[in-house]
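Just so we're clear, the structure is a prediction, and the values are computed from it rather than from any experiment. Per chain, numbering begins at 1; letters A, B, ... match sequence-line order.
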Amino acid sequence: MSKLDNIKTDLASKFNTANYKFVHAFGDDVLEIPKEDILPVLRHFKASQRFDFLMDICGVDYPTRQKRFDVVYHLFSSKDGSRLRIKCQLAENDWIDSAINTWVGADWFEREAYDMFGIKFNGHPNLRKILTHHQFVGHPLRKDYEADAQQHCTEPLPIHFNNEPGVDGSILNDRYVPLNIGPSHPAMHGTLRVMVELDGETIVRANPEIGYLHRCFEKMAETHPYNQVIPYTDRLNYCSAPMNNVGYCKAVERLLGVEIPPKAQAMRVVLAELSRIIDHIIAVGTGGVDLGALSAFFHLFTYREKVYTLFEKLCGSRLTVAMTRVGGMAQDTPEGWFDDVLAFCKDMRGQVDEISRLMLDNKIFIKRTQGVCPVTATEAVQWGYTGPLLRASGVNLDLRKATPYYGYDALNFDVPVGTSGDIYDRYLVRIEEMKQSIRIIEQICKNPPSGDYTIRDKGIVLPEKKDVYGNIEGLMNHFMLIIKGLRPPAGEVYDATEAANGELGFYLISDGSANPYRLKVRPPCFAIYQSFPSVVKGAMIADAIATVASMNLIAGELDR
Amino acid sequence: MNSADGSVLAKPDQSLATQSLDDMSRAYAFTTRLDDLVAWGRKNSLWPMPYGTACCGIELMSVMGPRYDLARFGAEVVRFSPRQADLLLVAGTITEKMAPVLVRIYEQMLDPKYVISMGACASSGGFYRAYHVLQGCDKVIPVDVYVPGCPPTPEAVLDGVMALQRMIAKHTPRPWKDQWKSPYEQTR
């Protein structure tokens, strides 16, 4: 009995499932239900503990349909790693019940769906714009909004607390001191903005404002062929760009139904784990800078440069590599590359120990981070935390173990789990993960698989240059693929990988044309950052800075 | 004072040479125009304010970091306050939401001030021809040097800094600076 059948019988005992639709396509379980039943069904799934995570809520626009929008809920179970997608159709001026009382983490996802599509959620305490600026008119991800129709913003938004639900945030409290931090502030990583009300140095309420780096990734993806989206994915989490390439290509490949050769899988795993190391270097290094420790930053960045050198050797590019292609990799590894990686690992192993001595054994660092702004496991699951932050809170969930891909199940590595979910634990988990990544890389590089680095399907992968310039078939193949583009069958998948700071999901809808019909990214730090006001409430202002640093917020994927 | 040949240290005039005059000129006489001297000082002590918003900001960290080391160019002290900086390094995409903030930062900087636009996004919007991306930060503030690349290599950024140093040393006229008005003046 399949999982979907299980769900079917389970729901049939509680609900009138006559007009429900159960679909199993491209390996995903999908449930289509009318909008009145959304909230009861979600409640039921949560109460029966069948699904404990609400990973994402997003909209899809079908302008020719009578009920124009699809509202899509992505559920995930940490017990068996199963997923379920719930969809319901909604007309233009219709309402749907908000899931915020079931999962608090629905807050920002629903606001985003409202901002991008104009989908209205009944009972959401604070349904306001989130990514576009306050003078923006319209809903940009609707199909009838032109991708390049810019609307200028002429004045910065004054300090306000309107993002906090249930209060009139334009009125500031006389008893407290309002303070604006960012978006251009060294501790706010360039694009984050936090407005706080202070009682002395204690935070009474905090209000994050995002969208300062909303670069319209999803709209750009809709207007570009599949392979040309890869450079855009690089710029989502630019601290660990190759991981985003891998995640996106994996989703497209699943839609196409192809499996990449072992060599390509090994290259992707090595690239992803190297990226995890440099991402954690940024998190630990700049986290130290935010607490006033500059030496760790200089120390660690030496090693970041060494990884960049490896990337440069592989493909000529440093930060944004765009190294994967749908169907494999762009090119083969140069001679001796795996040995270079091994040499780096040996170097890095000692370095990680030194950094943990330099930072984690530092008395000031311990005092600033231990017991500061802890997040319990229940809260973390409620908010939709994933990755190192979830594990620091004590939940043992790693997609590399829960739903293994690219041969992770054959590799030996441990998943570090924290206990208290405070800032100190988050750094501990990251440092330990760097060691585990080194272990993974060493296992692969000691015995790299041979064979081709890409599949050779003429409808998906460009021919090699010697064929393009050497024979007519290669030339025609190249032209056809460039002009027509690769065309996956119509359908949709949700595919997730374990990125450096959590679950990076790509929800991809294809209508059979050369461009994705819709590409929704589920960025890990979007769900994490929405918990910020409640996490720092009652803490000191300096603790808020430490919290922002430990969350490893990457604006590129936060705002997309 | 001899400014024609542009030499920095004075050559002692042999016909009038006395020991004391010679000593004095060797000690502290500079034969150059005052503004040349000032420009020389300015170009060698840039205080950058990194306005890193995105990927370029990460690459800018590499420029500041141990291997590429921007400090070698006298641009050592990274200031996060516009009042203490004379070089605005716009590194990363400027969105419509961010543009008014950028203008305010630029206005708060004291003269003389210079702007380097680092990377494709800051210079032209890059490959984001999109509804929420400003198509180049020169739409709102005047830019002295554009560094191409997405993101530029650290070498390219250092080259951009050196290009700016040459411009400062040569007093290259930048008329767009004098004509600059805040694009939001009408609305304020």
Side-chain angles (χ1 to χ4, degrees), chain A residues 131-136 138 140 145-157 182-187 189-191 193 209 211-217 219-220 223-224 228 231-232 234-235 238-239 241 282 285-286 297-299 301-302 304-305 308 312 317-320 555-556 559, chain B residues 49-62 64-69 78-82 88 91-105 108 119 121 125-135 139-140 149-154 182-188:
Chain A
L131 293 178
T132 55
H133 59 77
H134 59 290
Q135 290 166 319
F136 198 90
Y145 194 94
E146 287 293 319
D148 58 350
Q150 285 135 14
Q151 301 183 26
H152 298 303
C153 178
T154 53
E155 56 189 10
L157 198 60
S184 180
H185 184 282
H189 301 199
T191 41
R193 183 184 183 189
E209 172 86 28
Y212 287 97
L213 195 61
H214 177 51
R215 296 191 279 195
C216 331
F217 168 80
K219 195 76 175 178
M220 290 288 99
T223 51
H224 286 75
Q228 286 184 22
Y232 284 99
D234 264 326
R235 285 146 186 87
Y238 34 74
C239 292
I282 291 246
T286 59
F297 167 80
F298 283 122
H299 222 51
F301 261 61
T302 316
R304 209 179 138 78
E305 283 297 333
Y308 278 162
E312 267 178 314
S317 177
R318 283 164 52 88
L319 187 75
T320 46
D559 297 345
Chain B
M49 164 158 172
Y51 199 90
T53 59
C55 344
C56 281
I58 304 292
E59 201 65 335
L60 185 60
M61 281 194 222
S62 292
M64 308 280 177
R67 181 177 294 181
Y68 294 96
D69 195 17
V78 181
R79 294 285 107 168
F80 284 96
S81 160
L88 185 63
T93 316
I94 302 299
T95 58
E96 298 287 356
K97 197 169 185 171
M98 187 61 110
V101 182
L102 180 69
V103 169
R104 183 171 285 183
I105 296 276
Q108 285 173 347
C121 285
F127 69 178
Y128 291 101
R129 182 140 185 85
Y131 56 87
H132 204 253
V133 176
L134 192 71
Q135 302 294 300
K139 293 259 189 278
V140 290
C150 185
T153 57
S182 165
Y184 309 122
E185 240 158 35
Q186 272 83 38
T187 60
R188 284 228 181 111

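- The residue among Pro151(B), Ala99(B), Gly57(B), Gly65(B) with the most heavy atom pairs within less than 4.5 Å of chain A is Pro151(B).
- The backbone N or O of Gln150(A) sits nowhere less than 3.5 Å from a side-chain atom of Glu96(B) that would complete a donor-acceptor pair.
- Interface summary for chain B: among Asp559(A), Thr320(A), Thr302(A), Thr132(A), the most heavy-atom pairs under 4.5 angstrom belong to Thr132(A).
- Note on His152(A), His214(A), Met220(A): by heavy-atom pairs under 4.5 Å with chain B, the leading option is His214(A).
- Contact annotation for Arg129(B): both backbone and side-chain heavy atoms come within less than 4.5 Å of a heavy atom of chain A.
- With a 4.5 Å cut-off on non-hydrogen atoms, Met49(B) touches chain A through its side chain but not through its backbone.
- Checking side-chain atoms of Arg235(A) against main-chain N and O of Cys150(B) turns up a donor-acceptor pair under 3.5 Å.
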Worksheet item: Taking it one step at a time, do Tyr145(A) and Phe136(A) satisfy ring pair (Phe, Tyr, Trp, His ring centres under 6.0 Å)?
Response: CA-CA 12 Å; Tyr145(A) 194 94; Phe136(A) 198 90; 5.7 Å; yes

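- For Tyr232(A), the parts lying under 4.5 angstrom from a heavy atom of chain B are both the backbone and the side chain.
- The greatest number of non-hydrogen atom pairs below 4.5 Å with chain A, out of Pro154(B), Pro50(B), Ala130(B), is found for Ala130(B).
- Checked against ring pair (Phe, Tyr, Trp, His ring centres under 6.0 Å), Tyr212(A) has no partners two or more places apart in sequence or in another chain.
- Partners of Lys219(A) according to the salt bridge (Lys or Arg N to Asp or Glu O under 4.0 Å) rule, which considers only residues two or more places apart in sequence or in another chain, do not exist here.
- Considering Phe127(B), Tyr131(B), Tyr128(B) as possible partners of Arg215(A), the one that fulfils the side-chain contact (heavy atoms from CB on, under 4.5 Å) test is Tyr128(B).
- Distance alone, capped at 3.5 Å, is enough to place a donor-acceptor pair between the Thr53(B) side chain and the Thr93(B) backbone.
- Of the possible donor and acceptor atoms, none in the side chain of His133(A) sits under 3.5 Å from a partner among the backbone N and O of Glu155(A).
- In this structure, no portion of Arg193(A) lies under 4.5 Å from any heavy atom of chain B.
- Looking at Leu157(A), neither its backbone nor its side chain comes within 4.5 Å of chain B, counting heavy atoms on both sides.
- Ranked by heavy-atom pairs under 4.5 Å with chain B, the list Ser317(A), Ala241(A), Gly556(A), Ser184(A) is led by Ser184(A).
- With a 4.5 Å cut-off on non-hydrogen atoms, Thr286(A) touches chain B through its side chain but not through its backbone.
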